[in-house]
Amino acid sequence: MTKNNFKQSIFLRTIIQLSTLAFFVLIPQAAAAANASLFLFPPSGAYAVGDVFNVYVKIDSGDNPVNAADGAITFNPAELEAVSISKTGSFFTLWTKDPAFSNTAGKIEFGGGTQTAFTGTNGTVIAVKFKSKVSTTSQVNFSSGSVLAADGLGTNVLGPMNGGVYTFSTKNAGADIIEIDESGQISTARQEPAPQDGTPAAPIIVSSTHPEPDQWYAKSEIQFSWTLPSAITGIRAALDNNLVSAPIFNYNTKTAEKKFTDLADGIWYMHLQFKNQNGWGSVGHRKALIDTAPPENFSITVDNENDPANPTPLLKFLTRDAGSGIAEYEIKIDQDEPRKIAGAGIEKDPYRLPALSPGKHTIIIKAVDFAGNSTLAMAEVKIEPLDCPAITGFPATLNEGDRLTLQGTSAYPRAAITIRVKKENEEPKTHEIKTDDQGSWSFDCGREFTEGGYQIEARITDERGAQSGECAKINLSVKVPFLIKIGWLAINYSSIIIILAALIVLLILLFSYVWYRLAVWRQKLQK
């Protein structure tokens with residue numbers, strides 16, 4: 001280990017130790033959903049005794065960005081032999097426990113992390129190369145593990161740990177691989193020979209139909225192609241289900257591509273070999289994954305946890321996919337956009353619906369495998385409404401400009417009351433208040449009511465998000481008090497009294513003035 005790598009290892013080990021300590025100390029304040037998973041890929045496979053094959057240790061981070069993990073994997077050393085471990089392609093950049101295996105104990109251990117958080121469903125940690133030893137069905141499982149969230153606390157968010165099951169069968173003598181001839185017919189072939197000195201390097205094989213060798217495709221037709229170097233005097237190839245095999249059928253030396261159709265689902269390998277004047281060279285191998293079958297049919301169970309008004313019931317569902325495995329579930333509620341969740345962990349951690357309004361809701365779940373095949377299941381969820389709040393205190397009529405106060409009761413303490421006030425031909429106005437510890441409530445609506453008819457409704461929402469349904473509305477009539485209307489002008493009695501008093505005073509003054517003028521006029525006449 002270099003000095004720099006040693007420092008990185010010490011640094012990461014310190015981070016993980018501090019994160020683990022913080023997890024145990026601060027868990028009441030920093031609990032997170034344990035929905036990440038460790039899993040083996042492929043989860044299953046069939047191989048001949050003596051075959052060498054790869055098994056990848058992968059992480060699905062779920063909803064949590066993660067930055068460290070460790071684990072221990074067990075296998076039966078009488079059935080399997082670990083050949084090597086590779087860190088190539090791993091998203092880990094630092095290692096607290098360098099990946100290692102023991103064929104005596106039947107155990108593989110690893111521990112590491114990254115300085116940047118990882119979020120995804122298919123993060124590679126290590127690749128283990130196994131060799132089958134006897135004809136049997138062998139299990140490879142996690143015995144322990146942890147996945148730490150990149151939350152500054154080192155929270156362990158690991159949920160399920162999914163191992164693998166692999167079947168090994170005895171080879172038939174002289175029939176170790178499969179030969180594909182020019183017509184596409186399949187026949188038996190032999191094991192891969194050792195290359196001679198000075199022979200061509202292993203060909204690099206690409207595929208236009210299956211461009212990523214570790215990705216599943218729902219296509220039973222595979223197109224392979226390769227570049228032909230100069231001085232090639234022979235080409236031979238084979239297509240089979242073995243990781244390493246020797247091609248035997250000779251192709252035309254100008255052949256640079258090959259198509260195979262109607263292939264069965266599973267893991268296929270194209271094996272290609274070139275010949276020059278020195279003989280046959282190394283064999284190139286190219287993997288292609290086929291899964292055309294959809295996941296198995298499944299059903300949905302709705303669990304309202306013994307509460308018909310529970311707005312967030314649990315959905316319990318699970319299906320299997322014998323080929324590539326379940327990648328994700330898409331959950332569609334009524335006409336909303338689908339919500340996607342990872343396929344791993346749903347068996348132990350059922351999906352909880354978001355708060356739904358009272359009534360019936362249609363749930364459609366699509367199970368999607370890693371090749372994109374899907375299967376649908378549907379269920380109906382019925383949410384019962386809460387009891388409506390009662391409006392117990394309100395006037396039958398209201399004068400314009402008067403203050404309106406509403407009073408009411410409900411069966412739910414500390415719940416939210418929504419008051420909806422709608423005047424004829426106008427948009428409704430809503431107000432939010434809370435009930436007290438006994439479920440009672442009151443609301444001052446103010447003096448903003450003008451002449452006309454109003455409808456007032458009260459609905460309730462509890463702390464879980466459960467709601468009351470359509471509640472009875474009260475009608476309120478607002479009038480102008482004691483009005484005399486002259487056209488568009490409305491005058492009330494108090495205004496009339498003031499006006500009449502003013503007119504009387506005016507008449508008295510006018511009469512006094514006229515009386516005074518008459519008296520003056522009489523005096524002039526007498527003179």
Side-chain angles (χ1 to χ4, degrees), residues 41-47 51 53-56 58 88-89 120-124 127 177-189 192 200-229 232 235-274 282-295 321-328 330 343 366-375:
F41 181 84
S44 61
Y47 307 94
D51 280 352
F53 60 97
N54 279 329
V55 173
Y56 296 88
K58 291 181 175 283
T88 302
T121 61
N122 196 32
T124 297
I177 63 171
I178 297 176
E179 171 190 336
I180 308 295
D181 61 19
E182 288 285 354
S183 65
Q185 298 300 313
I186 301 177
S187 61
T188 58
E192 177 181 345
I204 297 175
I205 311 168
V206 297
S207 173
S208 58
T209 57
H210 297 64
E212 296 296 332
D214 290 318
Q215 181 174 326
W216 290 88
Y217 295 89
K219 300 176 183 178
S220 60
E221 176 182 286
I222 306 178
Q223 176 83 38
F224 292 110
S225 60
W226 52 87
T227 300
L228 286 171
I232 293 300
I235 300 174
R236 60 188 181 191
L239 180 70
D240 60 29
N241 302 110
N242 295 323
L243 178 65
V244 178
S245 295
I248 191 172
F249 185 80
N250 291 318
Y251 285 174
N252 186 295
T253 54
K254 295 182 180 180
T255 303
E257 61 181 14
K258 193 64 182 176
K259 179 185 290 186
F260 303 98
T261 59
D262 298 326
L263 295 173
D265 288 1
I267 303 174
W268 291 90
Y269 294 92
M270 176 69 173
H271 313 285
L272 183 65
Q273 190 177 26
F274 292 152
S282 299
V283 179
H285 309 280
R286 175 56 154 80
K287 181 169 64 175
L289 306 177
I290 297 177
D291 180 9
T292 60
D321 185 81
S324 57
I326 302 298
E328 64 182 13
E330 296 181 5
K366 180 194 290 187
V368 184
D369 65 20
F370 282 96
N373 305 300
S374 61
T375 298

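In what follows, every heavy atom counts, from backbone to side chain, and hydrogens, waters and symmetry copies are set aside. Nothing here was measured: the structure is a model prediction, and the numbers come from that model.
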Task: Distance in Å, Glu328 CD paired with Lys366 NZ, rounded so as to fall on 0.5 Å steps - done: 9.0 Å
Open item on the list: Please confirm whether the ring centroid of His210 lies under 6.0 Å from the ring centroid of Tyr217.
Closed with: yes
Open item on the list: Are Phe274 and Trp226 packed together at the side-chain level, in the sense that at least one heavy-atom pair is separated by less than 4.5 angstrom?
Closed with: yes
Open item on the list: Just so I know, are the side chains of His271 and Asp240 near enough to count as touching, which here means a heavy-atom distance under 4.5 Å?
Closed with: yes
Open item on the list: Looking at every non-hydrogen atom in both residues, tell me the closest pair between Ser207 and Ile222 and how far apart they are.
Closed with: OG-CG2, 4.0 Å
Open item on the list: For Ile326 versus Phe370, what's the shortest heavy-atom pair and its separation?
Closed with: O-CE1, 3.5 Å
- [ ] Verify the distance criterion only: is there a donor paired with an acceptor across the side chains of Thr292 and Asp265 at less than 3.5 Å?
- [x] yes
- [ ] For the pair Phe41 and Trp216, name the ring-plane relationship: parallel under 30°, tilted 30 to 60°, perpendicular over 60°.
- [x] perpendicular
Open item on the list: Please give me the minimum heavy-atom distance between Pro294 and Ser374, naming the atom from each residue.
Closed with: CB-O, 3.5 Å
Open item on the list: To the nearest 0.5 Å, what is the distance between CD1 on Ile267 and CG on Asn242?
Closed with: 11.0 Å
Open item on the list: If you compare all heavy atoms of Ala367 against all heavy atoms of Pro295, which two are closest, and at what distance to 0.1 Å?
Closed with: O-CG, 3.6 Å
Open item on the list: Let me confirm one number: the CG-NE2 distance from Leu272 to His285, rounded to the nearest 0.5 Å.
Closed with: 10.0 Å
Task: Close side-chain approach of Val368 and Asn373, heavy atoms under 4.5 Å - done: no
Open item on the list: Side chains of Pro213 and Arg286, heavy atoms from C-beta outward: is any pair under 4.5 Å?
Closed with: yes
Task: Ser324 to Asp291 - nearest heavy-atom pair and separation - done: OG-OD2, 2.7 Å
Open item on the list: Once rounded to the nearest 0.5 Å, what's the spacing between atom NZ of Lys287 and atom CD1 of Ile205?
Closed with: 13.5 Å
Task: Thr261 side, atom OG1; Glu221 side, atom CD - distance, nearest 0.5 Å - done: 6.0 Å
TODO: Tell me, with the steps shown, if Trp268 and Leu263 meet side chain to side chain contact (heavy atoms under 4.5 Å, CB included).
DONE: CA-CA 9 Å; Trp268 291 90; Leu263 295 173; 4.1 Å; yes
Open item on the list: So which atom in Asn250 and which in Arg236 form the shortest heavy-atom distance, rounded to 0.1 Å?
Closed with: OD1-CB, 3.6 Å
Task: With Phe224 via ring-ring contact (aromatic ring centres under 6.0 Å, His included) - residues at least two apart - done: none
TODO: Could you pull out all residues at least two apart from Glu212 that satisfy salt bridge (charged side-chain N to carboxylate O under 4.0 Å, His left out)?
DONE: none
TODO: Please name all residues satisfying side chain to side chain contact (heavy atoms under 4.5 Å, CB included) with Glu257, sequence neighbours left out, ordered by chain then number.
DONE: Gln223, Ser225
Task: Side chain proximity check, Thr88 to Thr124, heavy atoms < 4.5 angstrom - done: no
